Amino acid sequence: MDWLIEKIAELLANSKHAVVFTGAGISAESGIPTFRGKNGLWKRFDPEEVASIRGFMRNPKAFWNFARELILKTKAKPNAGHYAIAELEKMGIVKAVITQNIDMLHQKAGSKRVLELHGSLKFVDCLDCGKTYRWDDLVDRIKRGEVACDECGSLYLKPRIVFFGEALPKEVLSEAIEEAKRSDVFIVVGSSLQVYPAASIPFIAKDSGAKLVMINADPTDKDRLFDIVLHGKAGEVLPKIVDKVKEII
Ligand code: APR
Ligand code: ZN
């Protein structure tokens, strides 16, 4: 493992435009369940019912029942993996974080340029009267299972996250593609790369000549497309990489 850490650190130390792309795995050590793998959320919930736009429009209560799991995401704290990435940005090495996560932990860890492909849990809009809420102000009601609009009583309060069947936010997606094209080192951390179009972004970087690095706890079916693959926990591996980069530069 150490020689892999050394190789990744060398790539970062000599990079001009490194970009990090993250998935649920980077937040696992913050106590947030991932979607796939051993005790993934999609083993306990049907994504079609609780996380698709069709399911939401059919029955918003199913999403809000699932939302109790999402409260964890907004109460969680960044872990050493998030802080390591923020430090690499402060060192001028990482130019952007592209994340599929909606937990805002990269920002809480100090990362400045964070492109949230799937939105975030920060705000919730009433689809009937347009009133906007902050997620944090709804947490008690979510726990009680009584989520309805104060103004008009609607149950269609929708967080600004991308549901299955919805398009990704256009500007964020095009900025993420631009970052991938400019990158010379592109590091994927904690993603099974199963969901598109997000999962195509690392390969846009590769097509543009970037060195592709995978840091993930388990093997993925995309590993063979990467230049370097390190199987390990983000919270353990990333701080070691940062320490090695500091030795080199
Ligand atoms: N460190 C590194 N990787 C980890 C860790 C860890 N501590 N714990 C788990 N992993 C890895 C798992 O091995 C898994 O491959 O993180 C990956 C998480 O994969 P998913 O659960 O599929 O999450 P993600 O790739 O982010 O899912 C993408 O799917 O359901 C949608 O919108 C949802 O944004 C999500 C998208
Ligand atoms: Zn309303």
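Keep in mind it's a predicted model, so treat the numbers as computed, not measured. Atoms within each ligand, like the ligands themselves, are counted from 1 in listed order.
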For ligand 1, which is the ligand I care about here, please tell me if A217 has any N or O atom under 3.5 Å from one of the ligand's N or O atoms. yes
Using a heavy-atom cut-off of under 4.0 Å, does the side chain or the backbone of V195 touch ligand 1, or both, or neither? side chain
Regarding K158 and the six-membered ring of Y156, is the cationic atom NZ or CZ under 6.0 Å from the ring centre and inside 45° of its axis? no
Heavy-atom proximity to atom 19 (O) of ligand 1, picking from P47, S192, A24, S30, points to S192
I want to know if ligand 1 touches E29 in the polar sense, i.e. an N/O pair below 3.5 angstrom. yes
Out of E89, E178, E179, which residue meets the salt bridge (charged side-chain N to carboxylate O under 4.0 Å, His left out) rule with R113? E179
Would one find more than 12 heavy atoms of other residues, nucleotides or ligands at under 6.0 Å from atom NZ of K181? no
Among protein heavy atoms, which sits nearest to atom 8 (N) of ligand 1, and what does the distance come to when rounded to 0.1 Å? A28 CB, 3.5 Å
Side-chain H-bond candidate by donor/acceptor type, E116 with Q100, under 3.5 Å: no
Is K222 atom NZ crowded by more than 12 heavy atoms from other residues, nucleotides or ligands, each under 6.0 Å away? yes
Taking both backbone and side-chain atoms of F164, is any N or O found less than 3.5 Å from an N or O belonging to ligand 1? no
Go through the steps to decide whether I26 and H82 satisfy the test side-chain contact (heavy atoms from CB on, under 4.5 Å), and finish with yes or no. CA-CA 7 Å; I26 191 154; H82 296 102; 3.8 Å; yes
Nearest heavy atom to atom 32 (O) of ligand 1, choosing from K222, K233, M214, H118, belongs to H118
Less than 3.5 Å between some nitrogen or oxygen of N216 and one of ligand 1, yes or no? yes
Determine whether V50 and V139 fall in the same hydrophobic cluster, where Ile, Leu, Val, Met, Phe, Trp and Tyr are linked whenever their side-chain heavy atoms lie under 4.5 Å apart. yes
If you have a sec, work out which protein heavy atom is nearest atom 30 (O) of ligand 1 and how many Å separate them, to one decimal? W42 NE1, 2.8 Å
Within-shell test, G232 vs ligand 1, heavy atom, strictly < 4.0 Å: yes
Heavy-atom count check: over 12 atoms from other residues, nucleotides or ligands less than 6.0 Å from R44 CZ? yes
Evaluate the ring planes of F203 and F226, with Trp represented by its six-membered ring, and classify them as parallel (under 30°), tilted (30 to 60°) or perpendicular (over 60°). perpendicular
What residue and atom, counting heavy atoms only, is the protein's closest point to atom 16 (O) of ligand 1, and at what distance? G25 CA, 3.2 Å
In degrees, rounded to 10 degrees, what angle do C152 atom SG and C126 atom SG make at the Zn ion (ligand 2)? 100°
Do any N/O atoms on T220 end up under 3.5 angstrom from N/O atoms on ligand 1? no
